[in-house]
Amino acid sequence: MLKLILDSRLYTYYGCPFAQRVWITRNFKGLQDKIKLVGIDLSNRPAWYAEKVYPPNKVPALEHNGKIIGESLDLIKYLDSNFEGPSLLPDDPAKKQLAEELFAYTDTFTGTVFSAFKGDAVKEVAPAFDHLEAALSKFDDGPFFLGDRFSQVDIAYIPFVERFQIFLSEVFKYDITEGRQKLAAWIEELNKLEAYKQTKLEGTKAQVVEVYSKRFLGK
């Protein structure tokens with residue numbers, strides 16, 4: 001009996017933190033052979049992408065079973081629910097509740113930090129990172145947001161924390177981990193994970209500083 005195999009494609013830009021979320025998920029669940037990466041140059045987007053694939057003309061987007069799905073947080077959950085591989089969400093109700101709270105906070109977190117870059121950055125970013133430190137202190141059975149298990153929540157935050165840590169350190173001489181032991185341990189633990197390490201930017205520091213300086217500091 002012949003089995004029809006439909007290729008799944010993840011349309012991505014390798015410097016995009018939103019797309020990186022889904023790339024990490026793909027890697028951690030061992031879907032490298034099931035989901036092909038298709039790079040899209042956001043500075044020179046091919047006409048066919050918006051016309052034939054994803055009309056919003058942004059990344060990430062997943063082509064799976066004849067349909068196109070977008071939005072990074074939705075895609076983290078979709079890959080976790082619709083593909084094989086280790087689960088990225090525990091069964092514990094308390095941990096699931098925290099996961100939903102932290103998913104809901106992602107836009108506030110990124111928005112707060114981005115806004116701070118245009119003002120008194122060191123002072124204004126502190127509450128956002130304090131919030132993460134407090135969240136990482138909720139469960140004491142491991143270094144991740146949901147305790148001992150790497151989860152969807154860690155994936156949602158690390159691409160942005162990666163970039164914010166670099167920019168704040170290089171430009172404002174601010175260490176986001178100072179006085180935040182849980183956050184420091186979380187970053188250290190994630191940097192051991194191959195699924196994440198494979199997605200980190202090459203030449204990260206220079207690239208992040210250049211992009212964010214132009215965007216937020218007009219330099």
Side-chain angles (χ1 to χ4, degrees), residues 8 10 12 14 16-35 37 59-62 64 69-113 127-166 176-177 180-201 204:
S8 296
L10 175 61
T12 188
Y14 298 106
C16 173
F18 295 98
Q20 187 181 0
R21 287 169 165 171
V22 193
W23 188 8
I24 296 169
T25 308
R26 164 190 176 268
N27 290 355
F28 187 77
K29 291 183 72 70
L31 301 172
Q32 290 88 337
D33 294 333
K34 297 288 182 72
I35 301 176
L37 295 178
V59 295
L62 178 72
H64 178 236
I69 307 145
E71 302 301 329
S72 62
L73 294 181
D74 292 339
L75 283 171
I76 292 172
K77 297 176 182 179
Y78 184 87
L79 261 62
D80 200 21
S81 298
N82 291 274
F83 289 86
E84 69 268 22
S87 173
L88 283 160
L89 201 62
D91 295 326
D92 185 327
K95 292 184 176 181
K96 282 187 174 180
Q97 180 179 346
L98 180 62
E100 289 306 313
E101 291 172 1
L102 288 170
F103 271 124
Y105 180 69
T106 54
D107 288 344
T108 300
F109 172 71
T110 56
T112 298
V113 178
F129 291 104
D130 288 344
H131 190 99
L132 297 193
E133 179 74 7
L136 285 162
S137 304
K138 295 281 186 180
F139 300 105
D140 60 6
D141 57 337
F144 303 110
F145 278 110
L146 304 185
D148 63 342
R149 181 188 243 172
F150 178 67
S151 74
Q152 297 177 13
V153 181
D154 303 296
I155 293 171
Y157 281 91
I158 190 56
F160 291 94
V161 172
E162 173 188 335
R163 288 159 176 78
F164 294 162
Q165 183 178 29
I166 291 167
I176 64 171
T177 65
R180 301 185 182 99
Q181 295 182 345
K182 295 289 187 179
L183 184 62
W186 177 74
I187 293 170
E188 181 179 355
E189 198 67 28
L190 286 182
N191 279 321
K192 299 175 185 177
L193 288 176
E194 285 300 321
Y196 165 58
K197 286 165 61 178
Q198 293 164 9
T199 71
K200 295 183 73 172
L201 293 170
T204 300

Please tabulate, for the side chains in residues 153-161, all donor-acceptor contacts under 3.5 angstrom to protein atoms that are two or more places apart in sequence or on a different chain.
residue, atom, partner, partner atom, Å
Asp154, OD1, Phe145, N, 3.2
Asp154, OD1, Trp186, NE1, 2.7
Asp154, OD2, Ser151, N, 2.8
Asp154, OD2, Ser151, OG, 3.4
Tyr157, OH, Leu102, O, 2.5
Tyr157, OH, Thr106, N, 3.4

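- Considering every non-hydrogen atom in both Arg21 and Thr25, the closest pair reads O-OG1, 2.9 Å.
- When atom types are taken as modelled, the side chain of Arg149 and the backbone of Leu88 share no donor-acceptor pair closer than 3.5 angstrom.
- At a threshold of 4.5 Å between non-hydrogen side-chain atoms, the residues Arg26 and Gln32 count as touching.
- Under the 4.5 Å side-chain criterion, counting only non-hydrogen atoms from C-beta, Glu101 is not in contact with Tyr105.
- For Tyr78, the ring pair (Phe, Tyr, Trp, His ring centres under 6.0 Å) partners are His64, not counting sequence neighbours.
- The distance from the CD atom of Glu133 to the OG1 atom of Thr177 is 9.5 Å, given to the nearest 0.5 Å.
- Counting only distance, with no hydrogens or angles, the side chain of Asn191 and the backbone of Ile187 share a donor-acceptor pair below 3.5 Å.
- Contact detail for Ala19 and Thr12: the closest heavy-atom pair is CB-OG1, 3.1 Å.
- Remark: Gln198 CD to Leu193 CG distance equals 10.5 Å, nearest 0.5 Å.
- Using a 4.5 Å cut-off on side-chain heavy atoms (C-beta onward), Leu31 and Glu84 make contact.
- Leu79 has its side chain within reach of Ile35: a pair of non-hydrogen atoms, C-beta onward, lies under 4.5 Å apart.
- Here the closest non-hydrogen pair linking Ser8 and Phe83 is OG-CZ, 4.1 Å.
- With sequence neighbours excluded, the residues forming a ring pair (Phe, Tyr, Trp, His ring centres under 6.0 Å) with Phe144 are Phe150, listed by chain and number.
- Among all heavy-atom pairs drawn from Leu136 and Leu183, the shortest one is CD1-CA, 3.7 Å.
- Taking CD of Gln152 as the reference point, atom CG of Leu75 lies at 11.5 Å (rounded to 0.5 Å).
- With a 4.5 Å cut-off on side-chain heavy atoms, Phe109 and Leu132 count as touching.
- Checking side-chain atoms of Asp148 against main-chain N and O of Gly142 turns up no donor-acceptor pair under 3.5 Å.
- The minimum heavy-atom distance between Leu89 and Ala99, with the atom names listed, is CD1-CB, 4.0 Å.
- Nearest heavy atom pair, residue Leu10 against residue Pro60, reads CD1-CB, 4.1 Å.
- A cation-pi contact links Lys95 to Phe139, judged by a cut-off of 6.0 Å to the six-membered ring centre and 45° from its axis.
- The local environment of NZ in Lys138 is sparse, with at most 12 non-hydrogen atoms from other residues, nucleotides or ligands closer than 6.0 Å.
- Atom OG of residue Ser137 and atom CD of residue Gln181 lie 9.5 Å apart, to the nearest 0.5 angstrom.
- A heavy-atom distance below 4.5 Å is not found between the side chains of Glu194 and Asn27.
- A distance of 11.5 Å separates OG1 of Thr199 from OH of Tyr14, quoted to the nearest 0.5 Å.
- Checked against Tyr196 for a side chain to side chain donor-acceptor pair (under 3.5 Å), the options Glu162, Glu189, Gln20 give a single hit: Glu162.
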